[in-house]
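Here the structure is a predicted model, which means the values were calculated and not measured.
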Amino acid sequence: MKLYNGSESILHCFICFIIATIVSALYAHTPTPVAVCYVSGVIVAMAAGLGKEYGDSLDEGNSWSWVDIFWDMVGALLGACFAFVKYLL
């Protein structure tokens, strides 16, 4: 199984990165414990990625792609890490 689908993999990674960064950064400005802020960012980004993948799998001629889910997770984790580093600075 290949782990890269060209520009689609980059798009999955980028969108989840943006979602996780925004959600994590927003939660960081609340009295919520720090770890919860960044885990929330990953969960919301992955929910968006899973929802998109489910919708894609319902389309005619399309199927579920674990490669896309992998890149969603990479983007979500990088986004949460980026927001955490930005919080520390």
Side-chain angles (χ1 to χ4, degrees):
M1 175 170 81
K2 63 180 185 173
L3 287 178
Y4 183 69
N5 285 337
S7 62
E8 185 178 0
S9 295
I10 294 169
L11 189 59
H12 275 267
C13 186
F14 179 72
I15 296 300
C16 284
F17 175 86
I18 295 298
I19 293 170
T21 300
I22 290 171
V23 170
S24 297
L26 288 174
Y27 272 114
H29 296 291
T30 65
T32 308
V34 174
V36 173
C37 299
Y38 304 104
V39 170
S40 298
V42 171
I43 289 171
V44 171
M46 285 307 299
L50 288 167
K52 189 217 179 289
E53 198 55 41
Y54 176 71
D56 286 350
S57 72
L58 297 177
D59 287 342
E60 188 71 32
N62 205 345
S63 62
W64 185 271
S65 172
W66 287 106
V67 174
D68 290 347
I69 298 299
F70 170 77
W71 286 104
D72 289 338
M73 180 60 81
V74 169
L77 292 172
L78 288 174
C81 289
F82 177 77
F84 180 67
V85 168
K86 190 124 174 76
Y87 169 78
L88 293 176
L89 301 176

Would you give the length of the straight line joining atom [atom1] of [X] to atom [atom2] of [Y], rounded to the nearest 0.5 angstrom?
X: H12; Y: K52; atom1: NE2; atom2: NZ; value: 4.5 Å
X: L78; Y: C13; atom1: CG; atom2: SG; value: 5.5 Å
X: Y38; Y: Y27; atom1: OH; atom2: OH; value: 13.0 Å
X: H29; Y: Y87; atom1: NE2; atom2: OH; value: 9.0 Å
X: E8; Y: D56; atom1: CD; atom2: CG; value: 7.0 Å
X: L89; Y: F84; atom1: CG; atom2: CZ; value: 10.0 Å

State yes or no: do [X] and [Y] share one hydrophobic cluster built from I, L, V, M, F, W and Y residues joined by side-chain heavy-atom distances below 4.5 Å, directly or via other members?
X: I18; Y: W71; answer: yes
X: F82; Y: L88; answer: no
X: V36; Y: I43; answer: no
X: I22; Y: L11; answer: yes
X: V39; Y: V85; answer: no

Are D72 and L50 packed together at the side-chain level, in the sense that at least one heavy-atom pair is separated by less than 4.5 angstrom? no
Within-4.5 Å side-chain heavy-atom neighbours: N62 and S57: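 In short, these two side chains do not touch, never coming nearer than 4.5 Å.
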So, for [X] and [Y], which heavy atoms are closest and what is the spacing to 0.1 Å?
X: A83; Y: S24; answer: CB-CB, 3.6 Å
X: A76; Y: A20; answer: O-CB, 3.3 Å
X: I69; Y: G49; answer: CD1-O, 4.2 Å

Considering residues, nucleotides and ligands other than F70, do more than 12 of their heavy atoms fall under 6.0 Å from its CZ?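 Yes, CZ of F70 has more than 12 neighbouring heavy atoms, counting only those of other groups under 6.0 Å.
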Who passes salt bridge (charged side-chain N to carboxylate O under 4.0 Å, His left out) against K86, sequence neighbours left out?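 Per chain and number, K86 pairs via salt bridge (charged side-chain N to carboxylate O under 4.0 Å, His left out) with no residue.
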